[in-house]
Amino acid sequence: MKRISFCDLAKLNLPMMAEIERSLLRVARSGRYIGGTEVSDFEEKLCRLTGAGYAVGTGNGLDALKLIMRGWIATGVLQYGDEVIVAANTYIASILAIEDAGLVPRLVDPDPETMLLSAEGIERHVTDKVKAVMPVHLYGRVDWNEDIADVVRSHGLLVIEDCAQAIGAYPSAAGVCGRRNMAGALGHAGALSFYPTKNIGALGDAGAVLTDDKELAQAVRALSNYGSDRRYHNIIAEGCNSRLDPIQSAVLSVKLDYLESVGRRRRKVAAIYDRLIDNCVVVKPEIPETAEEHVWHQYVVKVPDRWCRDSFRQYLERKGVQTDVHYAVPPHLQPCYRGRIWAQQEFHVACDLADRVVSLPVATVSDDEAVRVAEAVNGWRIP
């Protein structure tokens with residue numbers, strides 16, 4: 001019985017490898033390994049694709065988030081100690097970035113069905129200290145709708161999209177710019193991750209910042225290059241080194257051409273799962289009203305509890321199906337945040353999800369393999 005891998009990167013990249021290899025050879029022969037036209041061309045391509053006014057390549061997705069908030073601190077838009085609303089079930093990178101900028105996370109339990117921030121959740125937690133909200137498009141579903149847009153506008157909040165998992169998705173509502181852009185270009189700024197396992201992944205770490213704010217884009221570019229706006233002219237003391245290199249830019253430029261087909265493939269696998277999985281103790285993810293809202297970075301089901309999850313995953317492993325958990329420990333329970341005031345609250349939904357979620361393979365699954373996964377899921381029983 002052939003094992004179904006959760007994410008086989010070699011298999012994932014194979015259809016594009018000939019083009020990728022030509023791009024790598026072009027960069028290697030160019031003699032330009034930092035900056036240059038490979039990077040600027042990729043940034044322009046990102047703008048055309050997403051609808052953003054500016055794109056700035058970064059070393060990784062976490063740095064993209066950090067640089068957005070550091071950029072707003074540097075330009076006086078945000079002040080140290082301002083609070084940022086974010087879902088309590090997000091990956092820890094969202095929290096790391098907020099604290100790195102000297103800001104304070106205000107965690108909010110997600111909607112238990114969508115597993116995303118809701119307008120009601122945001123509204124309940126807005127205070128005078130809250131200056132921004134960070135919708136995390138978790139698992140590839142856009143966390144944006146008319147209700148959220150109304151709450152954001154009514155309170156004058158900045159919107160920082162954590163779009164590490166949702167490039168290629170489109171919301172049902174227009175963004176703060178008034179246009180129905182792609183996820184990542186809906187808010188005042190968005191952070192992309194091109195970690196190799198993402199829907200569009202580099203051959204290593206890479207990220208990008210998207211924004212319509214020229215001043216923010218200039219600050220992010222300076223911050224990411226030692227705080228300099230030109231050679232030997234440093235304008236921001238908090239600068240760092242987080243530049244997207246030409247090699248990854250060339251690879252990603254090739255892969256962006258496949259974004260639509262990657263989305264179609266993942267949606268087809270998700271549709272097979274949704275149609276065939278019929279186990280009364282396995283809860284399938286909610287399907288959004290329009291297919292464009294979800295690019296299925298992960299297909300996440302829920303089982304009754306943590307003990308059942310161990311049994312479920314072990315059973316699927318015996319059936320040759322590899323699974324994963326995103327994420328087993330919510331940020332507020334991580335050891336590094338012991339003692340933080342914001343981490344002392346109880347987040348019942350986030351903790352419940354952390355005990356119950358299981359991600360089924362999507363990235364490199366064929367139709368026949370998706371059927372096999374569904375059959376295996378249906379065959380599991382609580383011991």
Side-chain angles (χ1 to χ4, degrees), residues 6-7 9 12 42-43 46 49-50 52 55-70 84-101 105 110 114-117 132-144 159-171 175 181-211 220 224 242 244 248 251-252 255-256 259 262-263 266 293-300 324-327 330-331 353 357 359 362-363:
F6 186 76
C7 183
L9 289 177
L12 187 69
F42 171 68
E43 290 172 342
L46 262 184
L49 175 73
T50 63
V56 182
T58 62
N60 54 71
L62 173 58
D63 282 357
L65 278 174
K66 287 180 177 181
L67 289 164
I68 289 169
M69 287 174 279
R70 285 193 192 182
V84 181
I85 286 176
V86 64
N89 63 322
T90 187
Y91 182 56
I92 196 171
S94 307
I95 312 301
L96 290 170
I98 292 169
E99 286 216 321
D100 174 81
T114 65
M115 299 182 280
L116 305 174
L117 274 179
V133 60
M134 183 184 288
V136 181
H137 306 316
L138 202 58
Y139 308 138
R141 181 172 180 175
V142 179
D143 189 10
W144 187 260
V159 178
I160 309 158
E161 293 178 79
D162 184 336
C163 193
Q165 301 182 5
I167 187 170
Y170 283 89
N181 286 345
M182 184 182 288
L186 298 168
H188 298 94
L192 302 178
S193 169
F194 301 111
Y195 186 76
T197 59
K198 303 301 187 200
N199 290 28
I200 293 296
L203 301 187
D205 270 320
V209 169
L210 301 177
T211 186
V220 167
S224 67
S242 183
L244 180 63
Q248 300 301 347
V251 170
L252 290 168
K255 287 195 163 193
L256 280 184
L259 179 60
V262 167
R266 286 175 175 265
E293 293 179 56
H294 211 316
V295 291
W296 300 102
H297 177 62
Q298 307 294 352
Y299 187 95
V300 178
D324 207 337
V325 175
H326 300 92
Y327 302 98
L353 292 173
V357 295
S359 300
V362 176

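Residues take their numbers from the sequence shown, with the count starting at 1.
- Counting only heavy atoms from C-beta outward, the side chains of Thr58 and Leu67 approach each other to under 4.5 Å.
- Between Met134 and Ile98 there is a side-chain heavy-atom pair separated by less than 4.5 Å.
- Looking at heavy atoms from C-beta onward, Val159 lies out of side-chain contact with Leu186 at the 4.5 angstrom threshold.
- Taking CG of Leu353 as the reference point, atom OH of Tyr327 lies at 13.0 Å (rounded to 0.5 Å).
- Within 6.0 Å of CZ on Phe6 lie more than 12 heavy atoms contributed by other residues, nucleotides or ligands.
- The two atoms that bring Glu99 and Pro105 nearest to each other are CG-CD, 4.0 Å, heavy atoms only.
- Within the 3.5 Å criterion, the main-chain N or O of Gly201 finds a donor-acceptor partner in the side chain of Lys255.
- The minimum heavy-atom distance linking Pro331 with Ala88 is given by the pair CD-O, 3.3 Å.
- Side-chain contact of Asn199 with His297: a donor-acceptor pair under 3.5 Å is present, judged by distance alone.
- Within the 4.5 Å cutoff, the side chain of Leu117 has no heavy atoms near those of the Pro110 side chain.
- One finds the SG atom of Cys163 at 7.5 Å from the CG atom of Leu210 (value rounded to the nearest 0.5 Å).
- Heavy atoms only, all atoms of each residue included: Arg266 and Val362 are closest at CG-CG1, 3.8 Å.
- The two residues Ala166 and Ala183 make their nearest non-hydrogen contact at O-CB, 3.7 Å.
- In plain terms, the two heavy atoms of Ala189 and Ile68 that are nearest each other are CB-CG2, 3.7 Å.
- Counting only heavy atoms from C-beta outward, the side chains of Val84 and Val133 never approach each other to under 4.5 Å.
- Counting heavy atoms from C-beta on, the side chains of Val295 and Val142 never come closer than 4.5 Å.
- Note that CZ of Phe194 and CD1 of Ile200 are 8.0 Å apart. Values are rounded to the nearest 0.5 Å.
- Heavy atoms only, all atoms of each residue included: Gly204 and Pro196 are closest at O-CD, 3.3 Å.
- Note that the OG1 atom of Thr114 and the CG atom of Asp143 stand 6.5 Å from one another [nearest 0.5 Å].
- Ser242 places no side-chain N or O within donor-acceptor distance of the main-chain N or O of Asp63, the cut-off being under 3.5 Å.
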Quick one, Lys66 with Asp100, criterion side-chain contact (heavy atoms from CB on, under 4.5 Å). Give me CA distance, side-chain angles, the key distance, then yes/no. CA-CA 7 Å; Lys66 287 180 177 181; Asp100 174 81; 3.6 Å; yes
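- Residues Asp205 and Tyr195 have side chains in contact (heavy-atom distance under 4.5 Å, counting atoms from C-beta outward).
- Within 6.0 Å of the OH atom in Tyr139, the count of heavy atoms belonging to other residues, nucleotides or ligands exceeds 12.
- A donor-acceptor pair shorter than 3.5 Å can be found between the side chains of Ser94 and Asp162.
- Atom-to-atom distance recorded for Ile167:CD1 and Thr50:OG1 is 7.5 Å, nearest 0.5 angstrom.
- In this structure, NE2 in His326 is found 13.0 Å from CG in Asn89, a value given to the nearest 0.5 Å.
- Of the candidates Glu161, His294, Glu293, His137 forms a side-chain hydrogen bond (donor to acceptor under 3.5 Å, both in side chains) with just one, namely Glu161.
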Check against side-chain contact (heavy atoms from CB on, under 4.5 Å), Gln298 and Val357: CA-CA 11 Å; Gln298 307 294 352; Val357 295; over 6 Å; no
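- Between Arg141 and Val300 there is no side-chain heavy-atom pair separated by less than 4.5 Å.
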